[in-house]
Each structure stands twice: as C-alpha cells, then as structure tokens.
Amino acid sequence: MSDNKLTAQDTDFSAWYIEAIQKAELMDYAPVRGCIVFRPDGYELWERIQAGLDRRFKETGHRNAYFPMLIPSSFFEKEKEHVEGFNPELPWVTEAGGEQLEEKLALRPTSETMIGYMYSRWIQSYRDLPLLLNQWANVFRWEKRTLPFLRTSEFLWQEGHTAHADEAEAREETRRMLDIYAEFAESEMAMPVWTGQKTPSERFAGAVDTYSIEAMMKDGKALQAGTSHFLGQNFAKGFGIEFLDRDNVRKFVYTTSWGVSTRLIGALVMVHGDDKGIALPPRLAPTQVIMIPIGPPKSREKVMAKCTQVYGELKAAGIRVQRDEREATPGWKFNEWEMRGVPLRLEIGPRDVESNQCVLVRRDTGEKVTTSLDNLAVYTAHLLETIQNNMLQKALAFRAENSHLHLDTLEELVMHIARAEAGGTNAGWVLGGWCGSAECEMKVREETKFTTRNIPFAPPARKEKCLVCGEKSSQEVWLARAY
RNA sequence: CGGGGUAUAGCGCAGCUUGGCUAGCGCGCCUGCCUUGGGAGCAGGAGGCCGCAGGUUCGAAUCCUGCUGCCCCGACCA
C-alpha cells in the first residue's frame with residue numbers, strides 16, 4: 001500500500017473498515033460481484049468460531065449433516081411468505097450439460113425448504129422426535145449493496161434445524177440456541193450483545209417469532225449478529241412434516257431454525273478495532289503472541305538462540321506463538337502486527353538476553369512490561385486471559401456510553417440525532433417505549449433512519465409510554481442505525 | 001434498480017483542459033552494502049494492451065460514441 005497509515009475511524013469509519021480488513025489480510029475482493037476470498041487469517045477466525053459453536057451445539061444434543069446447495073424452484077412455492085422474502089435475491093441454475101433444465105435450481109439462500117422436504121420423509125412417529133440437526137454451509141443472497149463479511153453474495157454460515165412434537169419444546173429450543181449465541185459472543189468474541197425479540201416487520205420470512213442478538217459497532221451502529229426462529233407449523237404444513245403421536249393422532253411437527261454467519265468476523269473487527277488496525281481477542285486470534293527479535297547483526301546469533309528457546313516453551317504450553325525473523329526494522333514490525341490485531345507482542349533484544357528477561361506489549365492497552373523469562377509461559381497465559389477480559393470490559397463500557405435510555409419522545413430523539421450529527425459523534429442506540437404498532441415503528445424509521453433492533457428480554461430501563469404516539473407502552477425496544 | 005463519481009505498474013496518484021519525442025512520481029518489490037528497543041540509509045534493478053470495443057486524425061492515455069467494472073448516496077438483507 002502506498003500509505004501505511006489507516007484512515008482514522010473518526011474521519012471515515014467505513015473507509016477505515018475496508019482498509020483494516022484488507023491490510024490485516026483477512027480478505028480480498030474476488031472477481032465476482034459481491035464475492036470475497038477469505039484469506040488464511042480470516043478463514044482461521046471462522047474456523048475458531050466454528051469450533052467454539054460446534055462444541056456447544058454437540059453438547060446440547062445436535063448433530064451435523066449436509067444438504068444439497070441446489071434447490072428445486074417448486075420448493076419455494078410451498079411456504080408463501082418464504083418465497084416472497086427470498087425470491088428477489090436468488091441466483092438460478094437454468095442450464096447444465098449444454099441443455100436447459102426441466103426445473104430450474106436455486107442456489108440456496110437458506111435450507112428450510114430442502115430440510116423440510118427431507119424431514120417429511122424421515123419423521124413418522126413421536127419416537128423420531130426431537131430431530132436436532134445442524135449444517136455448516138455456504139449460502140447465496142444476491143444483495144443490491146454488498147460489504148465484506150457483513151453482506152456478500154455468498155457467505156459461510158451455520159444453520160440449525162430442529163423438529164419437535166410440541167410447541168413448548170420448540171420454543172424452548174429457539175431460546176436455548178439464542179442464549180448459546182449470546183454466551184459465545186461474550187466469552188469468546190469479547191462482544192456484548194442484547195438478546196431479544198424481533199418486531200413483526202423484521203421477522204424472518206416464514207417464521208412465527210424471530211429472536212436475535214444485537215451488537216454495537218464502534219460507529220454506534222447496530223449489527224444483527226445472530227438469529228433464532230420459532231417457525232411454528234408453517235414449514236411442517238408446507239412440506240407435510242407429520243408424525244403419529246402417542247394418542248394415535250397424526251400431527252404436524254413444530255420446527256425451529258437458527259444461524260450465525262461469517263458476518264461475525266466483521267463484527268469482531270468493528271467492535272474491537274482502532275486506528276492502529278484490527279484487534280483480536282486472544283481466544284480467537286490465529287496468532288496470540290508475536291515474537292520480534294531485536295538487535296544489530298553482531299548480536300543476532302545470541303538473540304535468535306534465546307528466541308528459539310522461548311518460542312519452544314510457549315508453544316509447548318499451548319500458546320499460539322509466531323516469530324517474525326524477517327529483515328525489517330523493529331518499528332515496522334510493531335506497526336504491522338498491531339494492524340493485524342495480534343493480542344500480545346514479545347520483544348527480545350541483546351539487553352534482555354543478558355538479564356534473562358523480555359518485553360511484553362499489550363495490543364488492547366499499549367502497555368509495556370519487562371518480565372523475567374522464568375515461568376514466562378504461565379505469565380503469558382494469564383496475561384492473555386487478562387486481555388480477553390479487558391476487551392469485553394472495554395466493549396461493555398463503550399456500549400453503555402452510547403446507549404441512551406432517557407429519550408421519551410420522537411422530538412427528543414430527532415433532536416438527539418441532530419446534536420450528534422452536528423457534533424460529529426454517533427447517535428448510538430436509544431431504548432424507546434413502544435406501543436407495538438407498525439405505524440409507530442415506520443414513523444421512527446422515516447423520520448430518523450433508526451430501525452427497531454430488538455425487544456430486549458432484560459431491558460436496562462422501563463418505559464411507560466410509546467416514544468412515538470405517547471400511548472401506554474407495552475414493551476421497550478432498541479432503536480439504532482443498523483448495518 | 002434510480003442519482004453522482006471514477007478507471008494510468010501490486011497499491012496510491014500526476015499527465016488529459018490546448019493530441020506529438022522513450023508515459024512519470026511516491027510506496028511496495030528484487031540485488032548488494034549498511035542498519036536494528038516505534039514505520040532507517042545509500043547504490044543498482046525489474047515491473048504498463050493507459051478498463052474494453054469502435055470512431056476522428058499523419059499521429060490518441062489525451063478528442064467523440066458505446067459497453068463494462070468499481071466506489072459513494074437513496075428503496076431490500078445474516
């Protein structure tokens with residue numbers, strides 16, 4: 001790159017984002033519209049996300065399976081809202097082997113239809129229930145406007161699909177998986193989220209109820225980071241998923257689906273990044289410690305020998321450590337690895353070798369400490385945990401600072417946004433009372449571009465009146481600009 | 001899909017208004033010397049179908065027409 005400095009976040013957050021993810025080598029643009037390449041560091045983040053979630057899915061009784069990517073067009077006609085929701089963004093295969101296909105095939109945007117079809121063949125009896133499957137897959141959605149990781153034509157995700165004998169059990173499953181997403185986001189990604197219910201207008205196409213986790217990005221915008229849907233009997237009826245119950249009556253099953261995608265990588269960047277580049281939480285970082293040897297050529301041999309020894313000790317302790325022995329100046333390397341988000345830097349120079357010590361520098365705070373090489377692995381492991389924790393605390397503090405709980409009318413909200421824009425700051429999120437009407441929801445959207453994010457299960461404040469109409473409020477809802 | 005902008009080396013740009021010599025600059029890249037605790041220095045070097053197609057002209061990166069990609073702004077989305 002011509003200029004090694006990133007655009008500052010305050011100057012232009014979206015320019016910062018695009019530059020940061022490319023300079024950190026998480027992704028690159030592919031030759032197809034809206035498609036990206038996941039480069040090794042980006043893909044490894046996904047692999048670590050996969051590993052963490054997959055373990056949690058298995059612990060709760062789910063198994064993985066894989067269904068075809070091509071879906072017959074007739075499948076989309078079996079659930080009316082589902083078709084209407086997805087039709088505009090489906091890519092189609094219409095020709096193969098040099099001939100027109102009898103029935104065109106869609107590249108899946110999600111697999112409710114394919115899986116519904118298969119479930120109808122597999123489920124006969126209440127003894128076959130619950131059926132708890134998950135699929136790791138790529139999906140396609142031809143979006144008008146794309147943004148790397150957050151919205152691309154093809155993306156990677158996980159979609160869980162379960163079938164249950166009764167409504168209560170299916171609803172419980174829907175909430176259980178949402179809670180797993182929230183716990184994962186906080187403990188592994190150091191990203192706090194609000195769990196809550198989507199309003200009817202933001203519901204998944206074909207769902208009875210949709211729940212989400214919502215996270216605040218550094219520009220104050222909201223990102224839907226995961227969803228869990230209670231599908232009722234909609235797909236069961238569309239695809240004939242029936243079972244014979246204990247009472248010898250044929251009944252439709254209740255289904256759920258839930259998913260998170262590679263969008264989480266974008267979330268990680270937008271939650272923790274700063275003007276130096278991206279910053280990764282230790283639990284997910286492909287490289288947790290980067291070692292940088294320092295010193296003139298004449299001391300090289302001694303320094304390298306010590307590096308090799310320390311490297312071996314850290315590696316043996318299970319720490320993901322890497323050495324940068326390239327012929328570049330230390331300063332250059334410092335900036336490079338900060339840009340790539342490595343949580344901890346370890347410097348060893350001639351002075352350190354003499355006194356059996358090294359210098360550790362934290363990515364999250366910039367803090368430098370000189371420490372003994374004795375018991376270094378234990379010390380480092382603790383420090384990584386401290387960083388993980390601090391990143392979550394910082395994200396929580398940022399979210400609290402930018403959450404506004406004391407705006408009670410649309411006028412106040414409009415003023416609040418105007419003040420933020422005039423001051424060049426972000427307007428953050430606003431917790432509003434809501435009467436539950438679509439009219440009020442639409443009005444906020446039209447006048448402020450804020451949309452309803454979700455109705456939090458545990459709102460941080462109670463609201464007596466609807467922010468828009470002033471009528472008695474039945475619930476609190478997060479309002480924000482969203483990605 | 002509507003409105004605006006842009007396309008010249010891997011990246012960022014100048015040159016175009018007023019057509020003309022071998023198309024430049026910075027960063028990066030390669031080789032050598034030297035250097036190393038916050039983006040070092042010197043010397044030498046490689047790298048271009050000036051987005052694509054057509055037109056005007058003795059001559060086009062430069063003027064004209066069409067197309068395509070990308071970026072930004074508005075209606076849809078994990």
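In what follows, chains carry the letters A, B, and so on, assigned in the order in which the sequence lines appear, proteins first and then strands, with residues in each chain numbered from 1.
Ring to ring, A:W136 and A:W46 are close: their centroids are under 6.0 angstrom apart. A ring-centre distance under 6.0 Å is not found for A:F140 and A:F155. A centroid separation of less than 6.0 Å is found between the aromatic rings of A:F57 and A:W258. Checked against the 6.0 Å centroid criterion, the rings of A:Y254 and A:H164 do not qualify as a close aromatic pair. Side-chain rings of A:Y119 and A:F239 stay apart, their centers remaining 6.0 Å or farther from each other.
If you check B:U36, B:G39, B:A78 against the side chain of A:P330, the one that comes closest is B:U36. Closest contact between the side chain of A:T152 and the listed nucleotides B:A78, B:G74, B:G38 involves B:A78. Nearest to the side chain of A:K144, among B:U36, B:A75, B:G39, sits B:A75. Of the candidates B:U35, B:G37, B:G39, B:U35 carries the atom nearest the A:P297 side chain, counting heavy atoms from C-beta on.
Separation of the C1' atoms belonging to B:A61 and B:C72 is 26 Å when rounded to the nearest angstrom. Comparing B:C29 with B:C11, their P atoms sit 15 Å apart, to the nearest whole Å.
Between A:W92 and A:F76, the ring planes lie perpendicular to each other; the angle is over 60°, past the 30° to 60° tilted range.
Taking only side-chain nitrogens and oxygens, A:R203 never comes nearer than 4.0 Å to OP1 or OP2 of B:C77. Between A:K449 and the phosphate of B:G74, there is a side-chain N or O to OP1/OP2 separation shorter than 4.0 Å.
No engagement by A:V260 is indicated, since no non-hydrogen atom pair under 4.0 Å with the nucleic acid exists. A:P296 comes within contact range of at least one nucleobase, with a heavy-atom separation under 4.0 Å. Within the nucleic acid shown, A:P293 has no heavy atom closer than 4.0 Å to any nucleic acid atom. At a threshold of 4.0 angstrom between heavy atoms, the contacts of A:E338 include nucleobase atoms, whether or not backbone atoms are also involved. Nucleic acid contact class of A:G349 (heavy atoms, under 4.0 Å, all strands): base.
The strand RNA chain B forms stems, runs of 3 or more Watson-Crick or G-U wobble pairs with distances below 3.5 Å, at B:1-7 with B:68-74, B:10-13 with B:24-27, B:29-33 with B:41-45, B:51-55 with B:63-67.
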